[in-house]
Amino acid sequence: MRTKIVAGNWKMNKNLEETEALLSELSAKIPDTDAHVIVAPTFVNLEAAKRALEASTIEVAAQNMHFAENGAYTGEISADMLMNIGVDTVIIGHSERRSYFGETDDFLAKKVKTAVDKQMKVIFCFGEELEERKSNNHFSVVESQLKNGLFHLDAKAWKHIVLAYEPVWAIGTGETASPEQAQEMHAFIRNTIAKAYNTSVANAVSILYGGSVKPSNATEIFSKPDVDGGLIGGASLNSDDFVAIVKAI
Ligand code: PGA
């Protein structure tokens with residue numbers, strides 16, 4: 001059985017008080033579940049989030065990290081800094097990092113390597129842009145993002161990897177991939193991993209869908225056999241919506 005995961009990517013939202021308020025609502029409302037529930041607040045509130053969730057099963061992730069051990073990288077955060085405050089999960093390769101901050105596949109591959117070397121869990125994001133889907137290049141784009149970002153890992157390292165397929169045209173747009181489109185791509189991703197590694201690696205990796213997941217569409221998307229959960233942006237900022245999505249898994 002693959003691990004089911006619902007992760008909330010809060011992006012650049014919620015100050016300290018708002019973070020604590022949302023986490024206390026989530027702690028009270030999240031039902032007992034076998035799924036892993038993860039929240040990713042902004043860097044400055046990670047420590048407060050860890051404290052607020054001490055007695056909870058909700059896990060805390062960072063939204064990014066640098067690949068270097070330490071050094072002259074003004075404004076950056078290292079894996080050790082995250083681990084030092086008890087954060088051992090990190091989102092790498094979100095499309096906003098790729099498009100607004102110029103993070104390339106090669107750069108992301110280095111981050112993945114560092115995180116895995118540090119035994120962190122990586123939620124690796126990737127997905128095609130609208131033009132790439134329209135021109136029917138979505139499978140080859142996704143294949144090359146996987147290959148360039150992740151296929152330097154050996155098979156054993158894959159236990160640290162969670163995948164998040166997020167078609168860029170569905171992020172924050174209200175436009176969701178249909179459950180069939182999600183399933184089709186998730187099956188392709190699993191097959192690509194099986195070919196590059198083997199079926200046991202492919203069958204063990206959790207593949208999340210992200211892009212305008214809401215309480216109204218979560219159940220249908222999560223019902224697909226290769227969809228193992230979701231990476232939730234906008235709807236993770238409201239406790240009722242996020243809890244409803246967790247209940248849909
Ligand atoms: P969204 O964002 O749910 O607001 O579309 C998803 C994401 O960016 O991870």
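Quantities reported herein were computed from a predicted structural model and do not represent experimental measurements. When a residue number appears, it is its place in the shown sequence, counting from 1.
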Flag yes if more than 12 heavy atoms outside D34 fall under 6.0 Å of its CG atom; otherwise flag no.
no
Quick one, T89 and V60 - any side-chain contact, counting heavy atoms below 4.5 Å?
no
Any idea how F107 and H66 line up, ring-wise: parallel (<30°), tilted (30 to 60°), or perpendicular (>60°)?
perpendicular
Given 3.5 Å as the limit, does a donor-acceptor pair link the side chain of K111 with the main chain of M65, or not?
yes
Do V141 and L146 belong together in a cluster built from hydrophobic side chains that touch within less than 4.5 Å?
no
Is there a donor-acceptor pair closer than 3.5 Å between any side-chain N or O of S212 and the backbone N or O of A170?
yes
Check G127 against V142 and note the closest heavy-atom contact, atom names and distance.
CA-CG2, 4.3 Å
Can you measure from CD1 (I58) to OG1 (T33) and round to the nearest 0.5 angstrom?
11.0 Å
To the closest 0.5 Å, what do you measure between CG (D228) and CG (L208)?
7.0 Å
Near E220 CD, under 6.0 Å, is it more than 12 heavy atoms from other residues, nucleotides or ligands?
no
I need the minimum non-hydrogen distance between G210 and P167, along with the two atoms involved.
O-CD, 3.4 Å
Following the transitive rule for hydrophobic clusters with a side-chain heavy-atom cut-off under 4.5 Å over Ile, Leu, Val, Met, Phe, Trp and Tyr, establish whether I38 and M83 coincide in one cluster.
no
Ignoring hydrogens and geometry, is there a side-chain-to-backbone donor-acceptor pair from Q145 to D105 under 3.5 Å?
no
What pair of heavy atoms forms the shortest contact from S236 to G8, and how long is it?
CB-CA, 3.5 Å
Report the C-alpha separation of L130 and V168 in whole Å, then their side-chain angles, then the decisive distance to 0.1 Å, and conclude whether the side-chain contact (heavy atoms from CB on, under 4.5 Å) test is met.
CA-CA 7 Å; L130 184 58; V168 179; over 6 Å; no
Using a 4.5 Å cut-off on heavy atoms from C-beta on, say whether the side chain of H160 contacts that of Q119.
yes
To the closest 0.5 Å, what do you measure between CD1 (I245) and CG (D240)?
11.0 Å
Are V227 and I193 linked, directly or through intermediate hydrophobic residues, by side-chain heavy-atom contacts shorter than 4.5 Å (ILVMFWY only)?
yes
Apply the test side-chain contact (heavy atoms from CB on, under 4.5 Å) to residues E103 and N64: give CA-CA distance (whole Å), side-chain angles for both, the deciding distance (0.1 Å), then the verdict.
CA-CA 11 Å; E103 297 196 1; N64 184 26; 4.1 Å; yes
Judged by atom type as modelled, is there a donor-acceptor pair below 3.5 Å linking the side chain of N217 to the main-chain atoms of K214?
yes
Going from CD1 on I5 to CD1 on I207, what distance comes out if it is rounded to the nearest 0.5 angstrom?
11.0 Å
Does atom NZ of K29 have more than 12 heavy-atom neighbours from other groups under 6.0 Å away?
yes
Mutual orientation of the aromatic rings belonging to F151 and Y197 [parallel < 30°, tilted 30-60°, perpendicular > 60°]
perpendicular
Validation row: K11, E96 side chains within 4.5 angstrom (heavy atoms)
yes
With a 3.5 Å distance limit and no angle check, can you tell me whether N13 reaches the backbone of W10 through a side-chain donor-acceptor pair?
yes
Hey, what's the ring geometry for F139 with F188, parallel, tilted or perpendicular (30° and 60° as the breaks)?
tilted
List the atom of A115, the atom of V90, and the distance in Å for their closest heavy-atom pair.
CB-CG1, 4.1 Å
Any donor-acceptor pair under 3.5 Å linking the side-chain atoms of D106 with those of T104?
no
Stepwise, does the side-chain contact (heavy atoms from CB on, under 4.5 Å) test hold for W158 with L163?
CA-CA 10 Å; W158 275 74; L163 300 177; 4.2 Å; yes
Separation between NE2 (H36) and CD1 (I249), nearest 0.5 Å, reads 11.5 Å
Report the distance from atom CD of E20 to atom CG of L53, rounding to the nearest 0.5 Å.
10.5 Å
Main chain of V205, side chain of R190: is a donor-acceptor contact present, judged purely on distance under 3.5 Å?
yes
Identified side chain to side chain donor-acceptor pair (under 3.5 Å) counterpart of W169 within the set E132, E129, E128:
E128
Under 3.5 Å, side chain of K50 to main-chain N/O of G86, donor-acceptor pair present?
yes
Over all atoms of both residues, closest heavy-atom pair of I123 and A7
CD1-CB, 4.3 Å
Check: E18 side chain, N15 main-chain N or O, donor-acceptor pair, under 3.5 Å:
yes
Check the hydrophobic clustering (I, L, V, M, F, W, Y; side-chain heavy atoms under 4.5 Å; chains of links allowed) and say if V213 and I30 are grouped together.
yes
Salt bridge K118-D80, side-chain N to carboxylate O under 4.0 Å:
yes
Using side-chain contact (heavy atoms from CB on, under 4.5 Å) as the criterion, point out the one residue from V112, L108, V116 that pairs with L150.
V112
Do V37 and L231 share a hydrophobic cluster (ILVMFWY, side-chain heavy atoms under 4.5 Å, transitive)?
no
If we ignore hydrogens and angles and just use 3.5 Å, is the side chain of S78 paired with the main-chain N or O of N70 as donor and acceptor?
no
Between V39 and L23, the two heavy atoms sitting closest are CG2-CD2, 3.9 Å
I'd like to know whether NZ of K247 has more than 12 heavy-atom contacts from other residues, nucleotides or ligands below 6.0 angstrom.
no
Stepwise side-chain contact (heavy atoms from CB on, under 4.5 Å) test for L22 and K14
CA-CA 9 Å; L22 179 52; K14 305 283 180 194; 3.7 Å; yes
Examine the side chains of H94 and Q63 and answer whether a donor and an acceptor come within less than 3.5 Å of each other.
no
Pair K113 + D117: basic N to acidic O under 4.0 Å
yes
